[in-house]
Student: 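Dropping a structure here in structure tokens format, bear with me for questions.
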Amino acid sequence: MDYEQSDLYKLRHSAAHLMAQAVTELYPGAKLSIGPPIENGFYYDIEFAEPFREEELPKVEQKMRELSNLKQPITKRIASDRNEAKQIILQETTNGQGPENAFYKLELLEAIPAGDEVTFFEQRATDKQGKEHVFIDLCRGPHVENTGQIKHFKLMNVAGAYWRGDVKNKMLTRIYGTAFGSQEELDQYLHRLEEAKRRDHRVLGRELGLFMFSPIVGSGLPLWLPKGATLRETMGDFLKEEQLKRGYDPVVTPNIASIKLYEKSGHILTFREKLFPFMEDEEKETFVLKPMNCPFHIEIYRSQLRSYRDLPVRLAEFGTVYRYEQSGELAGLLRVRGFTQDDAHLFVRPDQLLDEFIGVVELMMLVLKKLGLQDYTVRVGTRDPASTKYIGHEENWKQAEDAIVAACQRLEMSYMVSPGDAAFYGPKLDLIVKDALGRDWQMGTVQVDYNLPERFELEYIGEDSKPHRPIMIHRAPFGSLERMIGLLTEHYAGAFPLWLSPVQIAVLPIADRHNEAAAALAERLRALKLRVIVDESRETLGKKIRENQRQKSPYMLILGDRDVEAGTVGVRHREEGDLGAMSVDTFLAKVQAEL
RNA sequence: GCCGCCUUAGCUCAGUGGUAGAGCAACCGCCUUGUAAGCGGUAGGUCAGGGGUUCGAAUCCCCUAGGCGGCUCCA
């Protein structure tokens, strides 16, 4: 059933009201704004006279329990007209605290379309001391019948949120909570959150030795440790091989360029706030740290005269770009300031656009399948007509958007359209994947661009001997290595599939008299391009197994007297446990089959 | 950037105004080990940095940096 029609949704909506009632009783002068149910609970945005701290949540929760126990009946009231609605807001919803507390509610009333019914929900009861509690809120509903039904809830955290989501407005205090129909479900949810923390790529990244951050290097600038770097290279090798099959040509371009390049591309106009501070040399030429690879690839395209027979030209580069993200937006590897895109730009003729676009989407699907990410949504980001952050003409945008929709239809792919999520030069198709905490992240992306070819006056000579303008496809199947590795780490909880695992096989000699045989075995495996370590620590086998389990090594090969004598190895698999002794050849056949 | 919270040994965390602690990891020694922690010992800290209050600050206040959860913004 649709969540928004469910009892749970109703319960959470009422829980938000209950919280708001508790807040108005505890904090005179608190101005309420909106308080909807959300995916895993509810929130209420409130303007407090004094800063509201997280440590105050138990106090609010306690008050909520008291108010819940009063079993206040919740009733609906319909305002007869706008004027009456206004009077109810001014006089009744402010809990007797004066009309200035109704500021946000009055704005909300104005936003309700003229013909629509205006409704309020009221909860009211008298406690044992004879004190009357009442709470009235402008609300569409629906709600549960009485507050006694709201029993299994918890206030989670406090955050800031701009009124109406607009940075120009005042920041309100948002209190997040959750509520369930039973204590068991609430406990399960809280338990799931704890579990998710254990999958957190920032925790696993340290435990597994994948990457690190150093304050002295700078925030948002990851340092890749050997095992993390191995992951990057393995992923890169896989994609490069696929690209080779598909006619991509590698290119390499610098990390900085003259500001002139970015003036021409339009980045200075539309992407300025994302650029790191400019560099100026003694001749006063200004350089910019690159935020995108496309202008460089465009210059390579422009370096020679292109015939219609040369197209499509597909230029690929794992290009590292730098974007000055706001400090509060950084999030482990999922949002950084320096990252490497598995970038490529396809320069195509109009008659090639659809096939090339589809080819790219098919490659992206192959990549996702190989990585084991099957849970994603497809988002088509289009231009928000009200925004000024885009370059180019309307007809170009229309053509590009039409091309993407046509491709989706031909691929019979389901997608959602999201206005305002286009790149500044063109619309795009993005793959969205959730992290361990359920947050959405944009991964792979394909973009259709008529605008940069125009700005750079790109041409090819057509069959008619006349110049024509190519169309560009920008694409990155991973999106960025940083984000993809962060996400994969959470997806696999650090237990990467064999082909990707930084250490594929850990050889565990039982006593140090087996070290030599272990080294010889490792050498043999490495010759077959397997990634192998030998654990020569002077520890018991149990300890070595424990440590290598923690490191999530897919296979452990145990080597003791029996094995040296019989020419076998004791094979242990990360998930399947002890697989018994077998010959090295048998083990290799098993590994090859799995790769 | 904004709102709230956090920062004690390499890691996870005790310690709330009166001499800085534990477990794991590290190092040393013993043990030479057969499928998830063998035993003993040693070393390790400007309590993020700076300023203030106080006879006295890890502890209270201010500033800065970094991190976490959101908002806004994006691969």
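Within every chain, numbering begins at 1; the chains are lettered A, B, ... in the order of the sequence lines, protein sequences first and strands thereafter.
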Student: Within the structure shown, what part of the strands sits under 4.0 Å from Asn157(A) by heavy-atom distance: base, sugar-phosphate, or nothing?
Tutor: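 Asn157(A): backbone/sugar contact only, no base atoms under 4.0 Å.
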Student: Rounding to an integer number of angstrom, what distance separates rC71(B) and rG15(B) when you compare their P atoms?
Tutor: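 Those two atoms are separated by 32 Å.
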Student: Would you say whether Phe478(A) stacks on rA75(B)? The test is a distance between ring centres of less than 5.5 Å and an angle between planes of less than 30°.
Tutor: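 Ring-base stacking flag not set for Phe478(A) and rA75(B).
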Student: Would you classify Ser219(A) as touching base, sugar-phosphate or nothing, given that sugar-phosphate means primed atoms plus P, OP1 and OP2, and contacts are heavy atoms under 4.0 Å?
Tutor: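 Since only primed, P, OP1 and OP2 atoms lie under 4.0 Å of Ser219(A), the category is sugar-phosphate.
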Student: Which value, in whole Å, describes the distance between the C1' atoms of nucleotides rG29(B) and rG10(B)?
Tutor: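 Between the two C1' atoms, the distance is 23 Å.
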Student: Should Gln341(A) be listed as having a side-chain N or O under 4.0 Å from OP1 or OP2 of rA75(B)?
Tutor: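 Answer is no, no contact under 4.0 Å.
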Student: Not counting sequence neighbours, which residues clear salt bridge (charged side-chain N to carboxylate O under 4.0 Å, His left out) with Glu482(A)? List them please.
Tutor: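 Salt bridge (charged side-chain N to carboxylate O under 4.0 Å, His left out) list for Glu482(A), sorted by chain: Arg232(A).
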Student: Taking side-chain contact (heavy atoms from CB on, under 4.5 Å) as the definition, give me every residue that meets it alongside Val534(A), ordered by chain and number, with sequence neighbours left out.
Tutor: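 Partners of Val534(A) under the side-chain contact (heavy atoms from CB on, under 4.5 Å) test: Val507(A), Pro509(A), Ala518(A), Ala522(A), Glu536(A).
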Student: Mind checking if Tyr176(A) touches a base, just sugar-phosphate, or nothing, with heavy atoms under 4.0 Å?
Tutor: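 The answer is sugar-phosphate, as Tyr176(A) gets under 4.0 Å only of primed atoms, P, OP1 or OP2.
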Student: Can you tell me how the ring of His573(A) sits relative to the ring of Tyr555(A), calling it parallel under 30°, perpendicular over 60° and tilted otherwise?
Tutor: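 Correct class here is perpendicular.
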Student: Near RNA chain B, counting only heavy atoms under 4.0 Å, which residues of residues 553-569 of chain A show up?
Tutor: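 Per residue number, the list reads Ile558(A), Gly560(A), Asp561(A), Arg562(A), Asp563(A).
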Student: Please list, in numerical order, the residues of residues 482-493 of chain A that have a heavy atom closer than 4.0 Å to any atom of RNA chain B.
Tutor: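 Going residue by residue through residues 482-493 of chain A, the ones with a heavy atom under 4.0 Å of RNA chain B turn out to be Arg483(A).
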Student: Trp163(A) side chain to Asp45(A) main-chain N or O, any donor-acceptor pair under 3.5 Å?
Tutor: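 No; zero donor-acceptor contacts below 3.5 Å.
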Student: Name the nucleic acid region contacted by Ala161(A), choosing base, sugar-phosphate or nothing; use a 4.0 angstrom heavy-atom cut-off, strictly under.
Tutor: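 Sugar-phosphate, backbone atoms only, no base.
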Student: For residues 424-437 of chain A, which side-chain N or O atoms pair as donor and acceptor with protein atoms under 3.5 Å away, sequence neighbours left out?
Tutor:
residue	atom	partner	partner atom	Å
Tyr425(A)	OH	Gln447(A)	OE1	2.4
Lys428(A)	NZ	Asp430(A)	OD2	3.2
Lys428(A)	NZ	Gln442(A)	OE1	2.9
Asp430(A)	OD1	Gln442(A)	NE2	3.1
Asp430(A)	OD1	Thr445(A)	OG1	2.7
Asp430(A)	OD2	Arg379(A)	NH2	3.0
Lys434(A)	NZ	Asp440(A)	OD1	3.0
Asp435(A)	OD1	Leu437(A)	N	2.9
Asp435(A)	OD1	Gly438(A)	N	3.0
Asp435(A)	OD1	Arg439(A)	N	2.8
Asp435(A)	OD2	Arg439(A)	NE	2.9
Asp435(A)	OD2	Arg439(A)	NH2	3.2
Asp435(A)	OD2	Trp441(A)	NE1	2.9

Student: Categorize Glu325(A) for me: base, sugar-phosphate, or nothing, with a 4.0 angstrom heavy-atom threshold over every strand shown.
Tutor: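 Contact class for Glu325(A): base.
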Student: Listed in order of residue number, which residues of residues 53-61 of chain A have a non-hydrogen atom at under 4.0 Å from RNA chain B?
Tutor: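 Residues of residues 53-61 of chain A that come under 4.0 Å of RNA chain B are, in numerical order, Arg53(A), Glu54(A).
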Student: Quick one: does any side-chain atom of His13(A) pair with a main-chain N or O of Pro36(A) as donor and acceptor, under 3.5 Å?
Tutor: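 No; judged by distance alone, with no hydrogens or angles, the pair does not exist.
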